[in-house]
Amino acid sequence: AMDPNLKTASPSGDISPGTQLEYMISFENTGNDTAFNIHIQDTLSNNLDINTLQVITSSAPLTVLPGIAGGYNILKFDFPHINLLDSSHHGQCDGFVLFSINVKSTLSPGTKIDNEAGIYFDANDVVMTNTVENRIPFTTKVSVINNSLVELYPNPVNDILTIKAGNDAYNTMTITNTIGQVLITQQMNTSQTKVNVKALPAGIYYITLRGESAVKVEKFVKL
């Protein structure tokens with residue numbers, strides 16, 4: 001089974017200098033008791049521009065505490081009093097943080113951008129994520145699509161949500177709730193995609209659109 005405490009990068013693989021990366025760190029309480037406080041410590045590559053950091057969304061309120069240690073930029077994502085339920089509560093024991101940061105524009109071909117994070121559940125030992133790797137290729141034929149304009153309507157929605165995205169930048173969409181649980185995944189084959197959300201309970205949801213070199217997160221309300 002896949003480790004539920006993981007890190008992903010979008011776009012993945014080869015990228016161009018100056019590319020905006022979006023990192024998602026996912027975590028899950030796999031223990032048999034509530035996790036009262038959780039924090040994530042992310043050691044950023046020096047090939048990333050810390051001044052471009054933006055937190056896009058998270059499954060619970062958090063505080064971001066930047067710092068420097070050993071010559072590296074350290075990000076601490078602090079989830080105080082998260083009270084994450086134990087592993088017997090499937091779908092209610094996980095969370096995430098999604099943030100963006102730009103690769104430095106002056107990087108040379110062959111440069112690697114590695115990243116991993118440590119997740120701390122209360123006073124337990126750190127749980128390390130996988131390492132994600134991007135690379136500036138020696139050949140510069142990399143197509144990077146800027147996030148195109150995305151429209152969601154109607155919003156709020158009762159039953160059918162329409163997603164309008166230009167330039168064919170995205171090919172899949174995922175809907176998650178506020179605790180990061182994936183509820184709907186669907187392919188996007190045209191510039192206008194319709195999604196039936198009638199079965200979702202009323203509340204706030206996040207829709208993530210992904211393409212080969214673009215990602216976009218939007219929020220909508222289900223009535």
Side-chain angles (χ1 to χ4, degrees), residues 1-13 15 20-104 111-135 174-183 185 206 208 210 215 217:
M2 184 175 65
D3 190 340
N5 299 294
L6 59 88
K7 183 159 192 176
T8 57
S10 180
S12 59
I15 57 173
Q20 182 185 73
L21 292 175
E22 295 206 354
Y23 287 120
M24 177 174 281
I25 305 172
S26 303
F27 54 89
E28 181 176 318
N29 181 9
T30 58
N32 56 13
D33 194 7
T34 298
F36 297 98
N37 299 284
I38 295 173
H39 77 266
I40 300 170
Q41 186 166 301
D42 193 339
T43 303
L44 297 178
S45 167
N46 285 331
N47 294 318
L48 298 171
D49 183 358
I50 188 66
N51 296 315
T52 63
L53 172 73
Q54 294 184 21
V55 175
I56 298 171
T57 186
S58 62
S59 59
L62 58 73
T63 301
V64 182
L65 303 171
I68 298 177
Y72 290 93
N73 288 303
I74 308 294
L75 291 179
K76 181 181 179 183
F77 300 101
D78 196 10
F79 294 84
H81 312 298
I82 188 172
N83 296 336
L84 197 63
L85 297 177
D86 62 64
S87 58
S88 66
H89 296 79
H90 182 68
Q92 301 179 63
C93 58
D94 48 19
F96 70 94
V97 58
L98 176 67
F99 68 96
S100 66
I101 191 168
N102 290 0
V103 173
K104 290 181 178 179
T111 301
K112 292 183 179 180
I113 304 97
D114 296 334
N115 193 270
E116 64 177 350
I119 305 171
Y120 296 80
F121 296 85
D122 292 322
N124 295 303
D125 291 339
V126 61
V127 177
M128 298 302 300
T129 69
N130 56 300
T131 300
V132 291
E133 180 183 291
N134 291 95
R135 185 175 69 100
T174 301
I175 293 177
T176 57
N177 57 19
T178 55
I179 63 170
Q181 183 180 11
V182 175
L183 303 174
T185 298
Y206 294 97
T208 302
R210 295 186 183 278
V215 64
V217 179

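These values consider heavy atoms only, across backbone and side chains, with no hydrogens, waters or symmetry-generated copies.
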Which pairs pass ring-ring contact (aromatic ring centres under 6.0 Å, His included) with one or both residues in residues 38-58, sequence neighbours excluded?
His39-Tyr120
Which heavy atom of Asp114 sits nearest to which heavy atom of Ser45, and what is that distance?
O-CB, 3.6 Å
Using a 3.5 Å distance criterion without hydrogens, assess whether the side chain of Asp78 forms a donor-acceptor pair with backbone atoms of Val64.
no
For Gln20 and Ser100, work out which heavy atoms get closest and say how close.
NE2-OG, 3.8 Å
Over all heavy atoms of both residues, which pair between Ser10 and Arg210 is shortest? Give the atoms and the distance, please.
CB-NH1, 3.6 Å
Side-chain contact, heavy-atom cut-off 4.5 Å: Thr30 with Pro4?
yes
If I take atom CG from residue Asn83 and atom OG1 from residue Thr34, how far apart are they, to the nearest 0.5 angstrom?
7.0 Å
Between Ile56 and Glu22, is there a side-chain heavy-atom distance shorter than 4.5 Å?
yes
Could you walk me through whether Val132 and Tyr23 satisfy the side chain to side chain contact (heavy atoms under 4.5 Å, CB included) test, starting with their C-alpha distance in whole Å, then the side-chain angles of each, then the deciding distance to 0.1 Å, before giving a yes or no?
CA-CA 9 Å; Val132 291; Tyr23 287 120; 3.7 Å; yes
Under the rule for side chain to side chain contact (heavy atoms under 4.5 Å, CB included), what residues qualify as partners of Leu65, not counting sequence neighbours?
Thr63, Lys76
For the student: nearest non-hydrogen atoms of Val97 and Ile40, plus distance:
CG1-CD1, 4.1 Å
Looking at Pro11, is its backbone amide N or carbonyl O close enough to the side chain of Asn134 to form a donor-acceptor pair, meaning the two atoms are under 3.5 Å apart?
yes
Side-chain contact test, heavy atoms from C-beta onward, threshold under 4.5 Å: evaluate it for His81 versus Asn37 and give yes or no.
yes
Sorted by first residue and then second, give each salt bridge (charged side-chain N to carboxylate O under 4.0 Å, His left out) pair with at least one member in residues 57-70; sequence neighbours left out.
none
Of the non-hydrogen atoms in Gly95 and Ser59, which two are nearest, and what is the gap between them?
CA-OG, 3.1 Å
Which pairs count as salt bridge (charged side-chain N to carboxylate O under 4.0 Å, His left out) when at least one residue sits in residues 116-134, sequence neighbours excluded?
none
Listed by chain and number, what are the side chain to side chain contact (heavy atoms under 4.5 Å, CB included) partners of Ser26, not counting sequence neighbours?
Leu6, Met24, Phe96
Go through the steps for Asn29 and Asp94 under the test side chain to side chain contact (heavy atoms under 4.5 Å, CB included), then give the verdict.
CA-CA 6 Å; Asn29 181 9; Asp94 48 19; over 6 Å; no
Kindly check if the number of other-residue, nucleotide or ligand heavy atoms within 6.0 Å of CG (Asn124) is above 12?
yes
Smallest heavy-atom separation, Pro80 atom then Pro61 atom, equals CD-O, 4.4 Å
Gap separating the CG atom of Asn5 from the CD atom of Glu28, nearest 0.5 angstrom:
7.0 Å
Run Ile74 and Ile68 through side chain to side chain contact (heavy atoms under 4.5 Å, CB included) and show every step you take.
CA-CA 5 Å; Ile74 308 294; Ile68 298 177; 6.0 Å; no
Would Val103 and Leu48 count as a side chain to side chain contact (heavy atoms under 4.5 Å, CB included) if you check the C-alpha gap in whole Å, the side-chain angles of each, and the deciding distance to 0.1 Å?
CA-CA 5 Å; Val103 173; Leu48 298 171; 4.0 Å; yes
Asp42: what forms a side chain to side chain contact (heavy atoms under 4.5 Å, CB included) with it, not counting sequence neighbours?
Lys7, Ile25, Leu44, Leu75, Phe77, Phe99, Asn115, Ala117
Could you check if a side-chain atom of Leu21 sits within less than 4.5 angstrom of a side-chain atom of Asn102, using non-hydrogen atoms only?
no
Roughly how far, to the nearest 0.5 Å, is NZ of Lys112 from OG1 of Thr131?
11.5 Å
Excluding sequence neighbours, so at least two apart, what forms side chain to side chain contact (heavy atoms under 4.5 Å, CB included) with Asp49?
Asn51, Thr52, Lys104
Measuring from atom CG of Leu183 to atom CD1 of Ile175, what distance do you get when rounded to the nearest 0.5 angstrom?
7.5 Å
Write out all pairs satisfying ring-ring contact (aromatic ring centres under 6.0 Å, His included) with one or both partners inside residues 42-63, taking only residues at least two apart or from two chains.
none
Please confirm whether the backbone N or O of Ala60 pairs with a side-chain atom of Ser58, one donor and one acceptor, at under 3.5 Å?
yes
Counting distance only, does the side-chain N/O of Asn32 pair as donor-acceptor with the main-chain N or O of Ser87 below 3.5 Å?
no
Across all chains, not counting sequence neighbours, the ring pair (Phe, Tyr, Trp, His ring centres under 6.0 Å) partners of Phe121 are none
Considering only heavy atoms from C-beta outward, does the side chain of Leu84 approach that of Phe27 to under 4.5 Å?
yes
